[in-house]
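Numbers here simply count residues along the sequence, with the first being 1.
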Amino acid sequence: MPIVPDTKDWSWVLQRRCDQCGFDSTALAFDAVPALVRATTAKWSIILGRTGAGQRPDENTWSPVEYAAHTRDVCGLFGERLAMVLNDDEPVFPDWDQDAAAIDGRYDEQDPAVVSGELSAAADATADAFATVPAASRGRKGKRSDGTVFTVATLARYFAHDLVHHLHDVAPHSS
């Protein structure tokens with residue numbers, strides 16, 4: 001797999017607009033996150049229904065189905081991290097190697113229709129989880145092993161950016 005691993009720290013998207021995808025997480029209200037998640041997922045189902053969804057545009061770029069499989073797994077990851085923050089006092093999130101997940105999960109061999117359904121289910125579950133967070137719990141904290149601290153509110157905004165950004169990666173005019 002000649003994809004170059006992404007090792008950047010994207011937490012800066014919590015302070016300013018993303019120049020690549022145009023998403024501004026600072027303008028996103030917490031209560032808008034579930035609807036944004038669902039709207040983004042609906043766009044993925046259209047993309048994955050297209051002919052060639054499993055083909056890479058070039059050897060260094062994931063195919064739409066690979067991005068969608070990654071996005072599906074991101075939904076599950078953020079659901080897990082949200083549960084940790086809500087249930088534990090200032091937990092440290094386990095590291096997640098997205099590149100190893102892509103290889104181990106054989107994203108490049110997955111069926112677009114199956115991934116579409118799984119992505120929809122994972123996104124709905126995570127959207128539902130964020131929708132039920134009481135306002136008093138939105139300041140609860142967790143952190144990555146690199147020390148970056150997230151509240152429930154910033155975790156939601158970071159998650160929203162991830163979904164929008166990956167949609168932009170495959171369909172720049174769809175996000």
Side-chain angles (χ1 to χ4, degrees), residues 1-14 18-23 25 33 36-84 91-127 129-130 142-148 150 154-175:
M1 181 180 235
I3 303 292
V4 177
D6 181 2
T7 58
K8 294 180 279 225
D9 177 1
W10 285 87
S11 61
W12 59 266
V13 301
L14 297 171
C18 179
D19 292 334
Q20 291 179 25
C21 70
F23 185 74
S25 77
V33 170
L36 176 88
V37 170
R38 289 184 177 92
T40 301
T41 304
K43 292 176 184 177
W44 273 110
S45 66
I46 295 166
I47 291 166
L48 293 174
R50 294 180 183 154
T51 302
Q55 296 179 343
R56 290 183 174 174
D58 58 66
E59 69 176 22
N60 299 311
T61 306
W62 276 351
S63 70
V65 75
E66 289 171 289
Y67 272 112
H70 168 74
T71 302
R72 173 203 58 211
D73 290 353
V74 164
C75 289
L77 177 73
F78 276 83
E80 292 168 8
R81 288 182 175 182
L82 175 60
M84 289 178 68
V92 176
F93 305 135
D95 289 334
W96 184 60
D97 183 334
Q98 65 184 18
D99 300 303
I103 293 166
D104 295 345
R106 297 183 172 171
Y107 289 178
D108 60 327
E109 297 176 16
Q110 294 193 20
D111 180 282
V114 172
V115 172
S116 181
E118 292 171 346
L119 172 55
S120 181
D124 282 344
T126 305
F130 276 109
K143 66 180 175 179
R144 292 191 309 213
S145 64
D146 69 359
T148 302
F150 292 88
T154 58
L155 190 69
R157 291 181 17 233
Y158 190 79
F159 171 57
H161 169 262
D162 209 332
L163 297 184
V164 170
H165 194 98
H166 289 315
L167 182 64
H168 175 80
D169 286 335
V170 298
H173 305 292
S174 294
S175 52

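Taking the side chain as every heavy atom from C-beta outward, W62 and R56 approach each other to under 4.5 Å. Side-chain contact between F130 and L82 is present, with at least one heavy-atom pair separated by less than 4.5 Å. Side-chain contact between I47 and Y67 is absent, with no heavy-atom pair separated by less than 4.5 Å.
Remark: the Q20 side chain and the H168 side chain contain no N/O donor-acceptor pair separated by less than 3.5 Å. Side-chain contact annotation: H166 with D169, donor-acceptor N/O pair under 3.5 Å present.
The shortest non-hydrogen separation linking R157 to F23 is O-CE2, 4.3 Å. Q55 and P64 get closest at one heavy-atom pair: O-CD, 3.7 Å. For the pair C75 and L119, the tightest heavy-atom approach, listed with the atom from each and the gap, is SG-CD1, 4.1 Å. Of all the heavy atoms in A68 and L48, the pair that sits closest is CB-CD1, 3.5 Å. Looking at every heavy atom in both residues, S120 comes nearest to T41 through CA-CG2, 3.4 Å. The two residues Y158 and V13 have their closest heavy-atom pair at CD1-CG2, 4.0 Å.
Here I103 contributes atom CD1 and D97 contributes atom CG; the two are 8.0 Å apart, rounded to the nearest 0.5 Å. Put simply, NE2 on H161 and OG1 on T154 are 14.0 Å apart, with the number rounded to the nearest 0.5 Å. Taking CG of D19 as the reference point, atom CH2 of W12 lies at 6.0 Å (rounded to 0.5 Å). The CG atom of D162 lies 11.5 Å from the CG atom of L167; values are rounded to the nearest 0.5 Å.
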Give the C-alpha distance, both sets of side-chain angles, the deciding distance and a yes or no for side-chain contact (heavy atoms from CB on, under 4.5 Å) between F150 and R144.
CA-CA 8 Å; F150 292 88; R144 292 191 309 213; 3.8 Å; yes
Tell me, with the steps shown, if R81 and W96 meet side-chain contact (heavy atoms from CB on, under 4.5 Å).
CA-CA 11 Å; R81 288 182 175 182; W96 184 60; 4.2 Å; yes
Verify ring pair (Phe, Tyr, Trp, His ring centres under 6.0 Å) between H70 and W44, making sure each step is shown before the conclusion.
CA-CA 12 Å; H70 168 74; W44 273 110; 9.6 Å; no
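S63 pairs by the side-chain hydrogen bond (donor to acceptor under 3.5 Å, both in side chains) definition with E66, not counting sequence neighbours. The side chain to side chain contact (heavy atoms under 4.5 Å, CB included) test applied to A69 returns R72, Y107, Q110, V115, not counting sequence neighbours. Remark: S11 pairs with D9 by the side-chain hydrogen bond (donor to acceptor under 3.5 Å, both in side chains) rule, at least two apart or across chains.
In this structure a side-chain-to-backbone donor-acceptor pair under 3.5 Å is missing from R38 to A123. A donor-acceptor pair is defined here as one N or O able to donate and one able to accept, closer than 3.5 Å; such a pair exists between the side chain of T40 and the backbone of L36.
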